[in-house]
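Here's the structure we're looking at; comments come further down.
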Amino acid sequence: MATIEKSLTHEKEQASLWDVERIRADFPVLRQTVNGKPLVYLDNAASSQVPQVVIERGSMYLEQEHSNIHRGVHYLSQKATTAYEGARETVKRFINARESKECIFVRGTTEGINLVMHGYGRKFISAGDEIIISAMEHHANIVPWQMLCEEKAAGLRVIPMNDAGELLLDEYEGLLNERTKLVAVSHVSNALGTINPIKSMIESAHKYGVPVLIDGAQGAPHMIVDVQDLDCDFYAFSGHKMFAPTGSGVVYGKARLLEQMNPFQGGGDMIKSVTFEKTIFADLPNKFEAGTPAIASQIGLGAAIDYLNSISREHAAAYEHELLRYATERLSGIEGVRIIGTARDKASVLSFVIDEVHPHDIGTILDQEGIAVRAGHHCAQPVMQRFNVPATARASFAFYNTREEVNVLANTIERVIEIFS
Amino acid sequence: MSELSELYQQVILDHNKKPRNFRKLETANHSAEGYNPLCGDQLTVYLKLEDQAVKDVTFEGSGCAISKAAASMMTQALKGKNKQEAEKLFTEFHRMVTGELDEEKTPNDLGNLKIFAGVREFPVRVKCATLAWHTMHAALNNQELVSTE
């Protein structure tokens, strides 16, 4: 108990070091009003905002470097290639990959998971095999595996969770067996905010020689990710949820696995040589990057990581955690509000329902006050079914949100209850 | 909050709380299920048609206040109407909430359904208001499933 109190105090101290107004000044989009009220942006789990330095890096590319990458002998193409490959190096350091070629650029987490499904799953999974996912997955980490299971006559197994939204790890251990060929689980749940103990889950899977894919869409923006320490086999994340433009994203894979896998898409840039008889595929990472990628967006992702590195991620995480704690306390104190997802370890996400008020009505009323939240099933319909709600309203925080914004949210929720009483 | 009070008027809130004709209709000879995948709204509309006239109409399901109130008030408005009148009302309602029909200037049969005019200020909620109507239209025309996506 004493250590928990000590770490809480430590966290509060760190959070108090955070100069949120200085940080907010880095994000031009936050300066606007919506319906005459200051924008309160609490939809960060869907898409986070972009700091000025990332916008400027994108503009600079378009103004001074825009050209197609690789193979170009001319000046601009070389500049673009250097910037694009530079972003890959930045990503490599960000997640501590062994080699930058293990960082495949994709459109986002969804494409990353689909790449592994096609490249790894379709090659190595066959009839009677089993894939394990969890009860709290986003549709992006359910549907591709379901499609694969259907195609291969393989089985999909689901790790259940308790009423707090925590995975039942004993059940998980029981699901692992010699038929298991892949585990695919989220780092942080987008609908509940639960942080899963992925390191120990990976260790368990590896006892059976089973590779593990982590859906890091909500993990990468809020957690320090070290793929070597985690020893995960694949880790997919999206740029637009971590302060970069849409169209950027990464799927990390261990080189040994990526090399064995089939390519994802065929086309230009992913080949060494092509004849009508045979194509020899390119080495990593190009083997998985057919066609012209979202060059400006991926360079933007590199700039977003540079930004994150410049602001102390540890302090940012502590501040976010304290903000989530405060928001949880405020909303729990309102009669009629029920929080969905009360796991001990949570990040960023506060999902809630109000008795007798549909989340879409909550969303509309909050929007009138300039508050952006998401209302719906959050692409996690099985989670909604598990908690027996049609949908939830979800506030999700970033390190630029403030306690004052939480107060505006709480006060407006009280107003919602008043309207519907 | 003026646009908001236009949207969430007392009558709408009342129908949301106490939806009318909110039950399965055992004697129905037409029914259809409507989904709004965006919101997760789901409802079933039951119709009992006799000689092309709506003898009875009910609904059940779950959804937001706007979709529930719209369904509730729709059932009240449709009772006794013939098929043609029901379709005309659907068209007028749809045109009103999408801003194509000025319910105060153009003659229409909307009556107390005009209360939903405020929905046009909230484009993302138009689907909520029209879900029951689309579903009713599908039931009238013997389609079993309708989605607003």
Side-chain angles (χ1 to χ4, degrees), chain A residues 33-37 43 46 138-139 142-143 191 336 340 351-394 408 411-421, chain B residues 1-19 22 33-44 59-73 97 115-132 135 147-149:
Chain A
T33 55
V34 172
N35 295 318
K37 313 280 164 51
D43 196 17
H138 186 283
H139 295 165
I142 301 174
V143 183
I340 306 290
S351 257
F352 61 95
V353 291
I354 301 176
D355 294 342
E356 310 291 326
V357 187
H358 192 280
H360 277 92
D361 298 313
I362 303 173
T364 293
I365 296 171
L366 294 184
D367 179 58
Q368 287 301 296
E369 291 297 296
I371 307 167
V373 297
R374 194 143 287 251
H377 51 61
H378 317 298
C379 292
Q381 288 180 352
V383 175
M384 302 299 114
Q385 289 150 16
R386 170 66 180 75
F387 287 92
N388 203 21
V389 291
T392 73
R394 180 188 73 185
V408 174
N411 296 342
T412 313
I413 287 172
E414 281 170 352
R415 171 97 178 97
V416 171
I417 294 172
E418 212 178 290
I419 290 175
F420 277 85
S421 66
Chain B
M1 286 227 175
S2 68
E3 279 173 358
L4 206 56
S5 39
E6 276 290 300
L7 183 65
Y8 293 108
Q9 297 191 43
Q10 274 314 317
V11 177
I12 290 177
L13 293 172
D14 179 65
H15 276 267
N16 170 50
K17 226 175 208 178
K18 292 177 295 203
F22 188 64
E33 225 178 311
Y35 283 100
N36 181 350
L38 188 76
C39 319
D41 291 349
Q42 175 274 322
L43 54 85
T44 308
F59 80 105
E60 58 181 4
S62 66
C64 64
I66 305 302
S67 75
K68 228 176 183 181
S72 172
M73 292 183 70
V97 295
I115 201 157
F116 287 97
V119 172
R120 64 176 158 234
E121 302 302 329
F122 298 84
V124 294
R125 306 305 299 273
V126 168
K127 283 176 179 172
C128 310
T130 55
L131 178 63
T135 312
S147 163
T148 56
E149 280 295 281

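What you see is a predicted model; the values in this text were computed from it and never measured. Naming convention: chains lettered A, B, ... in sequence-line order (proteins, then strands); numbering from 1 in each chain. Side chains are part of it too, since the values below use all heavy atoms of this structure and drop only hydrogens, waters and symmetry mates.
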Could you state the interatomic distance from CG (A/Asp361) to CG (B/Leu7), rounded to the nearest 0.5 Å?
7.5 Å

Go through the atoms of B/Lys17 and report whether side chain, backbone, both or neither lie under 4.5 Å from a heavy atom of chain A.
side chain

Around A/Arg374, counting heavy atoms of other residues, nucleotides and ligands shown, do more than 12 lie under 6.0 Å from its CZ?
no

Atom of A/His360, atom of B/Cys64 and distance for their closest heavy-atom approach
CB-CB, 4.2 Å

Do B/Tyr8 and A/Thr364 come within less than 4.5 Å of each other through their side chains, counting heavy atoms only?
yes

B/Ile66 versus chain A, heavy atoms under 4.5 Å apart: side chain, backbone, both or neither?
both

Looking only at heavy atoms, what is the nearest atom pair of B/Asn16 and A/Glu356, with distance?
ND2-O, 4.4 Å

Is it the backbone or the side chain of A/His377 that comes under 4.5 Å from a heavy atom of chain B, or both, or neither?
side chain

